[in-house]
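Let me begin by presenting the structure, written as structure tokens, before commenting on it.
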Amino acid sequence: MVNSAVAPILLLAGLAGAQSSNKRGLVFTPNADWPSDNQIWVQSGSDLTWYYNYQSQPSPDYTSISQDQFEFVPMMWGVSANLSDTTFLSQVQTLINQGTNITHVLGFNEPDGSTSNGGSDIQPKDAAQAWVANFEPLGKMGIKLGLPATTGGPDGIPWLKQFLANCSDIVSTGNQKKNCTFDFLPVHWYDNFAGLASLIGERRATWPNTSIWVTEYAFANQDLQTTQEFFNQTVDYFGKLDYVDRYTYFGAFRSKVSNVGPNASFLNNGGRLTDIGSWYLGFSATNVKPTSTNAASSTGIVSGWTIAAIGLMVVCTNGLM
Ligand SMILES: *[C@@H]1O[C@H](CO)[C@@H](O)[C@H](O)[C@H]1NC(C)=O
Ligand SMILES: *[C@@H]1O[C@H](CO)[C@@H](O)[C@H](O)[C@H]1NC(C)=O
Ligand SMILES: *[C@@H]1O[C@H](CO)[C@@H](O)[C@H](O)[C@H]1NC(C)=O
Ligand SMILES: *[C@@H]1O[C@H](CO)[C@@H](O)[C@H](O)[C@H]1NC(C)=O
Ligand SMILES: *[C@@H]1O[C@H](CO)[C@@H](O)[C@H](O)[C@H]1NC(C)=O
Ligand SMILES: *[C@@H]1O[C@H](CO)[C@@H](O)[C@H](O)[C@H]1NC(C)=O
Ligand SMILES: *[C@@H]1O[C@H](CO)[C@@H](O)[C@H](O)[C@H]1NC(C)=O
């Protein structure tokens, strides 16, 4: 799923240290209506170390922040009519040539899902052809490859199996059998904790020792208590499992534009952090109800400018060197 932000709390980072983890990142859905929301996720003291935005290019909001502070992970969302098109590969190579330290890339977004639900709706055979054209060369360059993230539905594993079988057919020559390469398996989930644990377990049973990235998840359309319990349980679980390398909760938006229910969102309707929004960044509870409308104080703007200023300093410093 894809959706179409400001109350920075002046608290010391690390108060919620038990939950903090460098696995944690941002699935970024830029906010054209309230652009200041975009700065909330990169405020001073935030635990978020990386982001993706469903695209091959970094978001203009974050280009002034260096990769080692907030790592951008490019995604090839879907395929072109020309399945051998290598635009994604060229774009990533260009980023690298320009000095952006790209170390990971993500495959297609929900290829087993319909486009009306935010999926890229690709046949496994077609996806395999596009993967070989774009991802295999990046793997040879040492970039870590994330398989396509299927939906949490029952078609996910069968889709991946057909994809990998087709991929092997393309890269094998005669008797020389080969497999496509990948380094980690991204998953999506929008139901309860038991289901999420089972989804991950099933994939680990099918592809032993594969690292998991949970690149979209929430318990959609629940009451606040259930939403928060799920949030706490998953953050704790991912933190403890060494094979869950990274995760991005799907909630970095205002509750009124949420397509996973208002209680799952990180921001209320005035752009203030809700409890889970604040916990996710590593801060304390705000007691802001997701559906409330009270707006952020002006400190939010100050925070945005501070980040811009730090970004400028980085650019200037690099320019001098
Ligand atoms: C498809 O893309 C590949 C790689 O860029 C190119 O070599 C080929 O000519 C393209 N095919 C068509 C029909 O445009
Ligand atoms: C790129 O990032 C990786 C992973 O953080 C790091 O190991 C590597 O040293 C970085 N390379 C450069 C040139 O900064
Ligand atoms: C390749 O994918 C197609 C669907 O796109 C599927 O029908 C076929 O069975 C797959 N091939 C293998 C070897 O799994
Ligand atoms: C390719 O992957 C399949 C399924 O994981 C495995 O059984 C097979 O041994 C692999 N083949 C090669 C050549 O690595
Ligand atoms: C998985 O990892 C374990 C522990 O590192 C190792 O013993 C086992 O051989 C691995 N299995 C596969 C299929 O690579
Ligand atoms: C959000 O949570 C509140 C408080 O638990 C609940 O009353 C409301 O029904 C929830 N909203 C939805 C759409 O589930
Ligand atoms: C979630 O965790 C926070 C601490 O991080 C705690 O204050 C809160 O009570 C927990 N909520 C639930 C519903 O477990």
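Read the numbers this way: they start at 1 and go in the same order the structure lists the ligands and their atoms. Small disclaimer: the values here were computed from a predicted structure and weren't measured.
- A side-chain donor-acceptor contact under 3.5 Å links Ser66 and Asp68.
- Ser80 and Asn82 share no side-chain donor-acceptor pair at under 3.5 Å.
- Partner of Tyr247 under the side chain to side chain donor-acceptor pair (under 3.5 Å) criterion, chosen from Lys23, Arg24, Glu216: Arg24.
- There is a path of hydrophobic side-chain contacts, each under 4.5 Å, that joins Leu199 to Ile157.
- Using a 3.5 Å distance cut-off with no hydrogens or angles, the side chains of Glu71 and Thr49 do not pair a donor with an acceptor.
- Ligand 3 has no nitrogen or oxygen under 3.5 angstrom from a nitrogen or oxygen of Asp126.
- The distance criterion of under 3.5 Å between nitrogen or oxygen atoms is not met by Asp169 with respect to ligand 3.
- Side-chain polar atoms of Asn269 and Ser255 form a donor-acceptor pair below 3.5 angstrom.
- Residues satisfying the ring-ring contact (aromatic ring centres under 6.0 Å, His included) test with Tyr237, not counting sequence neighbours, are Phe193.
- The Ala165 neighbourhood of ligand 3 comprises atoms 12 (C), 13 (C), 14 (O), with distances under 4.0 Å to a heavy atom of that residue.
- Neither the backbone nor the side chain of Phe231 comes within 4.0 Å of ligand 7, counting heavy atoms alone.
- If you look at ligand 6, the protein residues with a non-hydrogen atom under 4.0 Å away are Gln222, Asp223, Leu224, Pro262, Asn263.
- Counted by atom type alone, Ser168 and Asn179 present one or more donor-acceptor pairs between their side chains at under 3.5 Å.
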